[in-house]
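Structure first, then comments.
In what follows, chains carry the letters A, B, and so on, assigned in the order in which the sequence lines appear, proteins first and then strands, with residues in each chain numbered from 1. As a basis for the values below, the full set of heavy atoms in this structure was taken, side chains included, without hydrogen atoms, waters or symmetry mates.
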Amino acid sequence: MRASQFLIATLKESPSDAVVTSHQLMLRAGMIRKLASGLYTWLPFGLRTLRKVEKIVREEMDAAGALELLMPAVQPGELWEESGRWFEYGGELMRIKDRHNRDFCIGPTHEEVITDLARNELNSYRQLPVNFYQVQTKFRDETRPRFGVMRAREFLMKDAYSFHANEESLNDTYERMHQAYTNIFTRLGLDFRPVNADTGSIGGAVSHEFHVLASSGEDDIAFSNQSSYAANVELAEAVAPSTERPTASQELSEVSTPDQHSIEDVSQFLNLSAQQVLKTLIVEGELSEKEQEQGKKPALVALVLRGDHELNELKAEKLAGIANPLTFAQEEDIVAALGCKPGSIGPCQMSIEIIVDRSAAVVADFACGANKDGVHLTGANWGRDANIGRIEDVRNVVEGDASPDGEGTLEIKRGIEVGHIFQLGDKYSKALNATVLDENGKQKTMLMGCYGIGVSRVVAAAIEQNFDDRGILWPQALAPFQVTIVLIDAHKSEEVVERGEALYQSLLALGYDVLLDDRDKKTSPGVKFADSELMGTPHRVVISSRGLKSGLVEYKARQDQKNDAIEVPCDDIFELVKSKLAH
RNA sequence: CGGAACAUAGCGCAGCCUGGUAGCGCAUCUGCUUUGGGAGCAGAGGGUCGGGGGUUCGAAUCCCUCUGUUCCGACCA
């Protein structure tokens, strides 16, 4: 591509609404422009990278035996009513009506449509397994779109759906997809982790998220420093401490702690570390349907954690006897049941059920609320002063915790979710009655898996992981242009033009993406250099009349932090660039 | 959804407090000069100051309202 024929839409300053690096750089390098909140136009330069991600995704999906198709972005509401999600899905589902006043939505995902297709087209177990995929625009009406294309409302996604006659087949395809995803992100040149994940609202059992590690990520990922164990912090198990609880060495005593409510206040006031202070959270207990109908009030349950630990609501609400979704008790109910306000609650002399976190259960001589306003206890001990009740895992893991697989300790980093694979089971096939005939001629509900990659988000994630103060540092596989040839003094020197043209043509002939910066003399060399760095082209050749006088041209790799370029004889430059591009 | 802020040329901003001819930088266009790190000089174009309403002789500026955008939060004993 010749720069003079291309849209180079670089900006010196970034629009004020861009806060994360990838968003700023995508705007500044001329990759995208915002149309409205969460809606972006991909300019020619940005589209090149988007297409490269798509290409690698397609190649690996095809290689893994998946079949590409393309479904409509607009979907009939009836299908969503059939699956039940018309009512379950919240405001993220963009609902529209056509001119006949019929309900439609703009697809945030395509389980319903593909399952409808499968029930019509698949009749026999002998047609299974199959795995269909598409690369397509999705729409989710996010409450708070942000970070550019990283959390946009309209985005490009590769989604795949597999159909199976049995669990074994589903597992098999799931593993193949796991491997295909690993291949994809490896080829893209990204630092990523597959992590065990919560299945969320989509339902089903087994699930992995693929996260690109970057400080701007929205999820906390816990991973072992010694093994391949990685999990979303929401799901990572906090293993029981291997140490025994020390024996009590202090006497229980009451301390007046006026206006000291938070763990921070109390530990400072008592001059104790937060680890020695236990916090007690009061949540609502579970009610049976019958009790709910009778309008009974739920019993309260006390959750006891170490002061420096955070409650994991997901873990808590899964416990028997606790309301799901987790509901914190109202202040008046707490006062009625315990006789004091939140902020002074503790497990000693507790009248309601107590669930103690594994780590909190091995603390001795702890401080806690005294169940009297403005009073705390110190030197408290389980058994002697408080009933330990049940012990459960109800906290988030923290750095340094033992890895649940027994190997190494946990580190926590932010991750950007770029891929997600699920074993859906029969959730949708059952709802939509998608069956095939089995070996015995009997109707059998198919099992399903689904596998997504946020194609547009991958582009942003790649930038979050690869940039410096001058701009983007594209991994080879994603670079919109692999080589930039900068011409200097082209208007004065025929030889500059000829040499540049020759190199340009021979690299093009090999199929490389080359940008020939032939912009006229109004574009100064400094602008060309700055643009090539902002745009992140991995390799740059500079051809100038000054260099050609000694028969030399200049080569520089974008990754080289040092500013010094290599001067090479101009007859050697083609071979040099070719060898650099080869790997 | 809760809280906070912002909206002035394509982009970044000033002007508003204290009402009186709408400005700066970048970008754009023309001419001349210039060519190894975001060029120089001279000139030019570009705005219903987000929309509506009000106060006033007069509103970008003060008041009300709507819309849009952004940020923070949705973990707490």
Side-chain angles (χ1 to χ4, degrees), chain A residues 8-20 23-24 27-28 30 33-39 90-91 142-148 220 233-234 257 259-267 277-283 300 302-305 307-314 316 326-331 334-335 338 340-347 368-371 373-374 376 394-396 470-471 486-493 496 517 519-534 540 542-549 552-554 556 563-565 567:
Chain A
I8 294 184
T10 52
L11 302 171
K12 273 193 206 173
E13 292 168 301
S14 62
S16 54
D17 52 9
V19 287
V20 295
H23 188 195
Q24 292 172 344
L27 289 165
R28 290 224 292 133
R33 287 293 182 263
K34 185 170 83 169
L35 176 65
S37 178
L39 303 176
E142 297 279 349
T143 29
R144 197 177 155 202
R146 58 193 140 163
F147 307 153
D220 285 313
V233 162
E234 287 178 341
T257 50
D259 299 321
Q260 309 294 317
H261 300 303
S262 70
I263 289 294
E264 204 183 326
D265 291 344
V266 172
S267 59
V277 183
L278 297 190
K279 60 178 166 189
T280 306
L281 317 179
I282 308 298
V283 300
L300 299 184
L303 302 176
V304 181
L305 287 93
D308 59 330
H309 286 153
E310 284 178 351
L311 175 68
N312 181 313
E313 298 194 14
L314 221 57
L326 193 73
T327 314
F328 285 96
Q330 298 297 315
E331 183 164 327
I334 294 176
V335 173
L338 304 175
C340 74
K341 286 186 190 162
S344 304
I345 308 173
C368 60
N371 299 323
D373 287 332
H376 277 73
V394 291
R395 70 172 173 94
N396 282 334
R470 294 184 171 185
V486 175
L487 303 185
I488 294 175
D489 289 330
H491 62 293
K492 284 204 301 216
S493 162
V496 166
D517 198 341
R519 284 178 290 177
D520 68 18
K521 62 176 183 175
K522 290 232 141 202
T523 307
S524 71
V527 170
K528 293 181 179 179
F529 295 148
D531 277 350
S532 83
E533 283 152 2
L534 175 59
R540 182 172 78 198
V542 179
I543 301 179
S544 68
S545 58
R546 192 184 77 182
L548 287 180
K549 275 180 198 154
L552 297 172
V553 297
E554 198 178 286
K556 186 176 180 304
N563 218 357
D564 43 38
E567 297 219 293

Self-check item: By salt bridge (Lys or Arg N to Asp or Glu O under 4.0 Å) - contacts of Asp308(A) (at least two apart)
Solution: Arg306(A)
Self-check item: Length of the NE2-P vector between His491(A) and C32(B), whole Å
Solution: 14 Å
Quiz item: Hey, does the side chain of Lys34(A) come within less than 4.0 Å of U70(B)'s phosphate (OP1/OP2), counting only N and O?
Solution: yes
Exercise. Report yes or no: is there a donor-acceptor pair, N or O only, under 3.5 Å between the side chain of Lys492(A) and the base of U35(B)?
Key: no
Quiz item: Can you name the residues that form a ring-ring contact (aromatic ring centres under 6.0 Å, His included) with His376(A), not counting sequence neighbours?
Solution: none
For residues 520-527 of chain A, which side-chain N or O atoms pair as donor and acceptor with protein atoms under 3.5 Å away, sequence neighbours left out?
{"residue": "Asp520(A)", "atom": "OD1", "partner": "Lys522(A)", "partner atom": "N", "Å": "2.9"}
{"residue": "Ser524(A)", "atom": "OG", "partner": "Val527(A)", "partner atom": "N", "Å": "3.4"}

Quiz item: Considering only the C1' atoms, how many Å lie between G47(B) and A42(B), rounded to the nearest integer?
Solution: 25 Å
Practice problem: Summarise protein proximity over nucleotides 8-16 of chain B in one line of letters, 5' to 3': B for base, S for sugar-phosphate only, - for none, counting protein heavy atoms closer than 4.0 Å. | Solution: ---BSS---
Quiz item: Considering only the C1' atoms, how many Å lie between C32(B) and U70(B), rounded to the nearest integer?
Solution: 45 Å
Exercise. With sequence neighbours excluded, tell me which residues meet salt bridge (Lys or Arg N to Asp or Glu O under 4.0 Å) with Arg28(A).
Key: none
Practice problem: Let me know the distance between NE2 of His309(A) and C1' of A77(B), rounded to the nearest Å. | Solution: 17 Å
Self-check item: Rounded distance (Å) that lies between atom P of U35(B) and atom NZ of Lys522(A)
Solution: 14 Å
Quiz prompt | Protein-nucleotide distance (Glu313(A), atom CD; C75(B), atom P), rounded to Å | solution = 5 Å
Practice problem: Rounded to the nearest angstrom, tell me the gap between atom CD in Glu310(A) and atom P in A74(B). | Solution: 10 Å
Quiz prompt | For Glu142(A), salt bridge (Lys or Arg N to Asp or Glu O under 4.0 Å) partners two or more places apart | solution = Arg151(A)
Quiz item: If the C1' atom of U30(B) is compared with that of A22(B), how far apart are they to the nearest Å?
Solution: 25 Å
Quiz item: Rounded to whole angstrom units, what separation is found between the CD atom of Glu142(A) and the C1' atom of C1(B)?
Solution: 15 Å
